[in-house]
Amino acid sequence: MASLSGLCSSSPSLKPKASPIAKPSLLPNPSLSFPSRSSSSSSKVCLLRSVAREISPNLSTSTNDKSPAKPKQGLEKDPSSLWRRYVDWLYQHKELGLYLDVSRVGFTDEFLAEMEPRLQKAFRDMVELEKGAIANPDEGRMVGHYWLRNSGLAPNPFLKTQIDNTLNAVCDFADQVVSGKIRAPTGERFTQILSVGIGGSALGPQFVAEALAPDNPPLKIRFIDNTDPAGIDHQIAQLGAELASTLVIVISKSGGTPETRNGLLEVQKAFREAGLEFAKQGVAITQENSLLDNTARIEGWLARFPMFDWVGGRTSEMSAVGLLPAALQSIDIREMLAGASLMDEANRTTVIRENPAALLALCWYWATDGVGSKDMVVLPYKDSLLLFSRYLQQLVMESLGKEFDLDGNRVNQGISVYGNKGSTDQHAYIQQLREGVHNFFVTFIEVLRDRPPGHDWELEPGVTCGDYLFGMLQGTRSALYANDRESITVTVQEVTPRSVGALVALYERAVGIYASLVNINAYHQPGVEAGKKAAGEVLALQKRVLAVLNEASCKEPVEPLTLEEVADRCHAPEDIEMIYKIIAHMAANDRALIAEGNCGSPRSIKVFLGECNLGELYV
Ligand SMILES: O=P(O)(O)OC[C@H]1O[C@](O)(CO)[C@@H](O)[C@@H]1O
């Protein structure tokens, strides 16, 4: 395309073919304190262990008398009743070292009784789903992410073999890359991974890398997860000469997501400019015969791994999507799968208080009145879990945020999720949570192990840095509860592949159960299509605008057009605002576009191209 310049640019560099019109610049006018002494400086007592008990199937003895139909009263504040509630409801998964505390959510016996049959229906739905029912009716698809960590559950031997073969292929390939058997074309080992993907094809790998990658992984990972050219340039620039030893993993279930395609094209251009052969460093993870798969096959990329039709993007962390990047960072993916599988097993019981995912779903329903009336604030008190809330944002909101229920009723369901990490957020928005608008419930994620053994020290007598983090969590939980703000606490011993696998599985199942409680399809995302379609229409309109301008700019003399004239000639008078935005955007990016008038008053603008005869390019 010809050189470009334009609207709102201070230095229009183009020479319009012929124009009597002056071209003025169109730049717009412009403490918590802790006791410092402790009798024991190295208390190793595990409070949770000391109160954990074998869970009995009896229902709660809570004294609150609320039901979903009634407005909520204040929460239980009597310390001994609260302690009893804590002990009664504490869920423990011994093998996973995972605890779930729902005592600071004020659900009542009446609520439980009301929800019991609905939860039993949800359990039956999950059984059917795991057996291979078309649990995603709109797309006519099975929903099989649970089979990924226990291929024996797959509804037929063909799928089981597909899962096993893919896992073996991922492990083999990762082993060969890490050991140096597979090398970059220069003969060096691969040192970097550049992952290109978006949404479910990025968020899981990002979360897991942040949570589990060792300090010095054999391959370091970075991500292109947008079509922001500056962001892409930044990632490529950061790789510098290491582009030659970078494995580029392009991940897209559909194989046709525009942002991912753009990322790939940009990376391929960088390879060309560096004199590198992309195909020898490219890996595709996508559905068989997708556009991406065909491209990778025809161009002879280094490797291809399958995505399955029955795995959704947001539940794909245990497929090749999540496993390959993790294995290349030497994260133990079989442990991740084992953690997820153990959690799945726990979530198959029909005894509510022994089923952690059901407990979560129940609490979500209680806290949000089953209509998303409150937001879920996720606060991991561990830096490495920073991206858990972002990961959950897609998992929960893309799954539950639906206009219609399964019977076609308009329900506008969903639960908003946000969060960052504690105690950092203490100094950002906890003020509002404690005292401001009461439109949320909190999920604390607690990690008992502060540091690897042998590294801890007391920065003041009896108190370590991790004790402060612990204190901040407990203090925030208590302070919120004192002001009737409900919270759930999920506790794990350590951040390990096993516990991360378990966390992913816990939330995947909670979303499935909750979806059943509110009778929606959690496995499609029709709302996303509207935005994608509209974006396509904007780009099509941009091409029409360019074609119209090209024609007017090829006249002698050049015919500058008002926005109304452009819109009329595009046969799109109703799109005049979008046309203005298109022109402003192109002008801001030095495209071959000259505009006169005042940027701030669109009616005064007249626009033409700095060059004509761009021919058929825009048609
Ligand atoms: O893996 P794909 O097909 O590129 O899709 C990426 C993401 O786009 C969506 O389809 C819609 O945003 C997500 O569900 C998905 O995770």
Side-chain angles (χ1 to χ4, degrees), residues 135-145 148 166 170 194-209 223-228 231-232 248-267 282-296 301 304-325 387-403 413-414 416-417 504 507-508 511-512 515 520-536:
N136 178 358
D138 300 46
E139 296 175 357
R141 284 177 169 151
M142 297 187 289
V143 174
H145 47 276
L148 297 170
T166 305
V170 162
L194 182 57
S195 172
V196 184
I198 197 167
S201 292
L203 289 159
Q206 286 169 330
F207 162 52
V208 166
F223 295 89
I224 290 177
D225 65 353
N226 200 357
T227 185
D228 173 12
I232 295 170
V248 183
I249 308 182
V250 186
I251 309 177
S252 173
K253 176 180 174 178
S254 60
T257 301
E259 291 93 330
T260 304
R261 181 206 71 143
N262 295 357
L264 168 61
L265 294 179
E266 294 274 359
V267 173
V283 175
I285 303 177
T286 184
Q287 285 189 108
E288 225 179 320
N289 289 325
S290 72
L291 188 59
L292 173 59
D293 189 44
N294 291 335
T295 305
W301 292 16
R304 292 182 290 135
F305 295 91
M307 255 298 258
F308 306 119
D309 169 67
W310 38 267
V311 175
R314 54 190 172 275
T315 52
S316 64
E317 179 47 34
M318 307 283 162
S319 74
V321 169
L323 297 181
L324 181 65
L387 296 182
F388 193 43
S389 41
R390 200 199 283 182
Y391 169 77
L392 289 181
Q393 207 166 49
Q394 187 204 20
L395 177 63
V396 174
M397 295 178 73
E398 200 167 71
S399 301
L400 302 181
K402 300 292 154 70
E403 185 165 15
Q413 269 291 352
S416 300
V417 179
V504 168
Y507 275 85
E508 284 177 349
V511 164
I520 52 130
N521 178 357
Y523 308 106
H524 66 163
Q525 51 285 328
V528 181
E529 298 312 314
K532 284 186 189 168
K533 190 165 164 267

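Atoms within a ligand are numbered from 1 in the order they appear, just like the ligands themselves.
Put simply, the residue from Gln393, Gln394, Glu398 that forms a side-chain hydrogen bond (donor to acceptor under 3.5 Å, both in side chains) with Arg314 is Glu398.
The local environment of CZ in Arg141 is crowded, with over 12 non-hydrogen atoms from other residues, nucleotides or ligands closer than 6.0 Å. Atom CD of Glu288 has 12 or fewer neighbouring heavy atoms from other residues, nucleotides or ligands inside a 6.0 Å radius.
The shortest N/O to N/O separation between Gly200 and ligand 1 falls below 3.5 Å.
Shortest non-hydrogen contact noted between Val511 and Leu400 is O-CD2, 3.9 Å. In plain terms, the two heavy atoms of Gly197 and Ala202 that are nearest each other are O-CB, 3.5 Å.
Ligand 1 is approached by Gln394 to a heavy-atom distance shorter than 4.0 Å.
Distance from atom 13 (C) of ligand 1 to its nearest protein heavy atom, with residue and atom name: Glu398 OE1, 3.4 Å. The protein heavy atom nearest to atom 7 (C) of ligand 1 is Ile198 O, 3.8 Å. Looking only at heavy atoms of the protein, atom 3 (O) of ligand 1 is closest to Ser254 OG, 2.7 Å. When only non-hydrogen protein atoms are considered, atom 5 (O) of ligand 1 lies nearest to Thr257 OG1, 3.5 Å. Atom 11 (C) of ligand 1 has Val528 CG1, 3.4 Å as its closest protein atom, hydrogens excluded (heavy atom only). Looking at atom 8 (O) of ligand 1, its nearest protein heavy atom turns out to be Lys532 NZ, 4.3 Å.
Two rings, from Tyr507 and Tyr391, have their centers 6.0 Å or more apart.
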